[in-house]
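Inspection log for the structure reproduced underneath, given as structure tokens.
Note that this is a predicted model, so its numbers are computed, not measured. For ligands, and for the atoms within them, numbers begin at 1 and follow the listed sequence.
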Amino acid sequence: VSACAACCRSADASAALAARGERVTALRSRVLATLHHADRPLGAYEIFDRLKAGGQASAPPAVYRVLEFLETQGLVHKLPSLAAYRPCTVVHAPHAPHGALFLICRACGAVAEAESPAIAALATDAAAAGFRIEDIGVEAHGLCAACTGRAPA
Ligand SMILES: [Zn+2]
Ligand SMILES: [Zn+2]
Ligand SMILES: [Zn+2]
């Protein structure tokens, strides 16, 4: 687990949990590391399979519970259209729960997360209607910068 301090930002995410007084369990750390090490969003069962392949016993319901928890903490995002999860990659600390704009490339499958004032504006509009948004994610499907050049017009 501590090996990730040098290789990815999952250690930062674990540290954010600890700073909030949340427990950093072995499974929470491993799920975070698995997502940070993946080169694409992973479904819950893929995460479970990778943990199992790494000799880390758990059960799918436990993995689901950890994913839901990490989502409420703003450390992991669910991408409904892909039925998959990705680690939060926006650069702000500590990782507070936040709305996210996902840019999903239909050609290469790359998913990027952008911070957008428009998302914050939606929360403000909702608040004006007396509604408190707890979680919001917007998925944009299209072509990434790398693919735009070679995609057919
Ligand atoms: Zn790592
Ligand atoms: Zn995020
Ligand atoms: Zn692309």
Side-chain angles (χ1 to χ4, degrees), residues 1-20 22-44 46-58 63-64 66-124 126 132-153:
V1 170
S2 60
C4 275
C7 78
C8 72
R9 292 185 61 209
S10 70
D12 294 346
S14 292
L17 279 185
R20 287 176 207 162
E22 299 289 349
R23 286 172 59 225
V24 182
T25 64
L27 188 57
R28 288 175 179 177
S29 302
R30 286 166 184 161
V31 168
L32 281 168
T34 300
L35 286 171
H36 277 271
H37 290 187
D39 56 3
R40 61 180 173 79
L42 298 176
E46 289 180 293
I47 295 167
F48 171 71
D49 285 341
R50 290 188 184 201
L51 290 172
K52 207 167 101 182
Q56 294 155 349
S58 71
V63 172
Y64 270 113
V66 166
L67 286 167
E68 279 174 16
F69 169 76
L70 294 173
E71 219 187 331
T72 64
Q73 294 294 316
L75 300 173
V76 159
H77 295 298
K78 186 176 189 179
L79 297 159
S81 72
L82 305 176
Y85 297 83
R86 77 187 300 278
C88 178
T89 50
V90 297
V91 183
H92 56 61
H95 298 256
H98 57 278
L101 171 63
F102 302 107
L103 310 173
I104 304 171
C105 180
R106 64 173 163 78
C108 72
V111 180
E113 177 178 353
E115 281 186 286
S116 169
I119 304 279
L122 289 176
T124 304
R132 185 168 62 89
I133 293 178
E134 293 180 333
D135 184 31
I136 183 170
V138 175
E139 295 185 345
H141 296 260
L143 291 170
C144 74
C147 291
T148 304
R150 55 176 191 264

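Between Leu35 and Arg86, the closest side-chain pair of non-hydrogen atoms is not below 4.5 Å.
Backbone or side-chain N, O or S atoms of Glu115 do not reach the Zn ion (ligand 2) at under 2.8 Å. For His36, every N, O or S atom stays at 2.8 Å or more from the Zn ion (ligand 1).
The SG atom of Cys147 and the SG atom of Cys108 meet at the Zn ion (ligand 3) at an angle of about 110°, given to 10°. With the Zn ion (ligand 2) as the vertex, NE2 of His77 and SG of Cys88 span 120° to the nearest 10°. With the Zn ion (ligand 1) at the apex, Cys8 SG and Cys7 SG define an angle of roughly 130° (rounded to 10 degrees).
Looking only at distances, a side-chain donor or acceptor of Glu139 sits under 3.5 Å from a matching main-chain atom of Ser81.
Summary: OE2 is the N/O/S atom of Glu113 found nearest to the Zn ion (ligand 2).
In this view, Glu68 satisfies the side-chain hydrogen bond (donor to acceptor under 3.5 Å, both in side chains) rule with no residue, not counting sequence neighbours.
Within the structure, no pair that satisfies the salt bridge (charged side-chain N to carboxylate O under 4.0 Å, His left out) test touches residues 75-85, not counting sequence neighbours.
Ring pair His77/Phe102: centre-to-centre distance below 6.0 Å.
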